[in-house]
Peer 1: 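Below is the structure I would like to discuss, written out as structure tokens.
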Amino acid sequence: MSSSFLDKVREVAKQFFALPAEEKQKYSRAVNESEGYGNDVVVSEKQVLDWSYRLTLRVFPEDLRRLHLWPQNPTDFGEMLHEYGTRTKSVIDLLFKAMAKSLKLEEDSFSKQFGDRVLMQTRFNFYPPCSRPDQVLGVKPHTDRSGITILLQDGEVEGLQVFIEDRWVRVPIIPDALLVNLGDQMQIMSNGIFKSPMHRVVTNTEKMRLSVATFSEPEPHREIGPVDLLIDENRPRLYRNVKNYGAINYECFQKGTVALETVRVLSMNASGIR
Ligand SMILES: O=C(O)CCC(=O)C(=O)O
Ligand SMILES: [Fe+2]
């Protein structure tokens with residue numbers, strides 16, 4: 001993707017977030033829905049909300065697009081999202097193949113688990129300046145539930161951090177780069193070889209920040225699990241097969257538990273006692 005195209009994606013998204021509140025509210029996320037415009041889903045009075053506005057839209061499969069939630073304003077928003085989504089999908093398809101080959105597996109080992117109706121959601125994150133960046137995060141620590149997430153960062157303003165060896169490490173801005181973030185479902189399929197990193201977004205007092213995250217996951221009824229060839233005596237099965245991991249991940253996030261732990265296979269010793 002050319003840098004002018006990536007700039008265009010950021011520009012059109014910024015134009016949407018700059019619209020008056022009443023205009024953006026036409027595309028509001030309904031209670032219990034994930035698609036549309038708004039803030040965090042509120043699950044408890046004690047919850048500390050993320051300092052961000054989001055617009056989340058499903059781009060694939062095309063017949064599941066909810067076009068009434070796609071902004072009419074700016075007028076080229078729909079065309080931009082279709083184009084960006086299509087190109088991002090090819091990047092994801094390619095990565096699935098390359099990652100399987102890198103483990104000496106058949107190239108469709110991961111993609112065939114996801115099937116040919118992969119769900120792809122694009123989330124536009126808008127982080128306004130925040131007067132108390134010491135107290136409020138743009139996005140709380142989490143791992144993505146996806147297989148692969150493709151992230152287009154702001155062209156200038158940093159904010160993303162990854163948890164590596166017990167500390168938060170900042171992710172630099174590379175203006176023309178797409179950041180590939182692996183999600184929990186890739187960790188499951190690769191039997192723990194590819195890791196889904198914990199990450200968060202910090203706020204800052206002066207500048208707004210925009211990012212565009214595209215998540216890929218299988219349809220909820222499809223079962224995914226560690227690829228057989230990645231399981232042996234030296235590397236026992238780490239995860240059970242799962243369906244609808246999105247729901248498991250969401251429920252755990254609400255409860256503050258780690259979703260991947262709940263699908264882990266517990267090892268037994270010779271006497272069958274854990
Ligand atoms: O804004 C970012 O850089 C990351 C956002 C993110 O982690 C997410 O939307 O899952
Ligand atoms: Fe994330």
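Both counts, for ligands and for their atoms, begin at 1 and track the order of listing. Values below: every heavy atom of this structure, side chains too, minus hydrogens, waters and symmetry copies.
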Peer 1: Does ligand 1 have an atom that lies less than 4.0 angstrom from a heavy atom of His142?
Peer 2: yes
Peer 1: Taking heavy atoms and a distance under 4.0 Å, where does Val171 meet ligand 1: side chain, backbone, both or neither?
Peer 2: neither
Peer 1: Using a strict 4.0 Å cut-off to heavy atoms of His199, name the atoms of ligand 1 that fall inside it.
Peer 2: 7 (O)
Peer 1: Suppose we measure from atom 9 (O) of ligand 1 to each protein heavy atom; which comes out shortest, and what is that distance?
Peer 2: Arg123 NH1, 2.9 Å
Peer 1: Looking only at N, O or S atoms in Asp144, which is nearest to the Fe ion (ligand 2)?
Peer 2: OD1
Peer 1: Run the contact test for Arg209 against ligand 1 with a 4.0 Å cut-off on heavy atoms, strictly below, and give the result.
Peer 2: yes
Peer 1: Decide whether Ile231 and Leu103 are clustered together by the hydrophobic rule: side chain heavy atoms of Ile, Leu, Val, Met, Phe, Trp, Tyr closer than 4.5 Å, transitively.
Peer 2: no
Peer 1: Pull out every atom of ligand 1 sitting under 4.0 Å from any heavy atom of Asp144, numbered as shown with elements.
Peer 2: 10 (O)
Peer 1: Looking at side-chain heavy atoms only, is the closest gap between Arg264 and Leu238 below 4.5 Å?
Peer 2: yes
Peer 1: Return the residue, atom name and 0.1 Å-rounded distance of the protein heavy atom closest to atom 4 (C) of ligand 1.
Peer 2: Val201 CG2, 3.6 Å
Peer 1: Could you tell me if the side chain of Phe253 sits less than 4.5 Å from the side chain of Arg145, heavy atoms only?
Peer 2: no
Peer 1: When you compare ligand 1 with Ser211, is there at least one nitrogen or oxygen pair between them that comes in under 3.5 angstrom?
Peer 2: yes
Peer 1: I'd like to know if Leu160 and Met208 are part of one continuous hydrophobic network [Ile/Leu/Val/Met/Phe/Trp/Tyr, side-chain heavy atoms within less than 4.5 Å].
Peer 2: no
Peer 1: Does a donor on one side chain sit under 3.5 Å from an acceptor on the other, for Thr122 and Thr214?
Peer 2: yes
Peer 1: If you take all heavy atoms of Arg200 and Lys140, which pair is closest and at what distance?
Peer 2: CB-C, 4.1 Å
Peer 1: Is there a donor-acceptor contact under 3.5 Å linking the side chains of Asp184 and Thr143?
Peer 2: yes
Peer 1: Number the atoms of ligand 1 from 1 as they appear, then name those within less than 4.0 Å of a heavy atom of Tyr127, with their elements.
Peer 2: 1 (O), 2 (C), 5 (C)
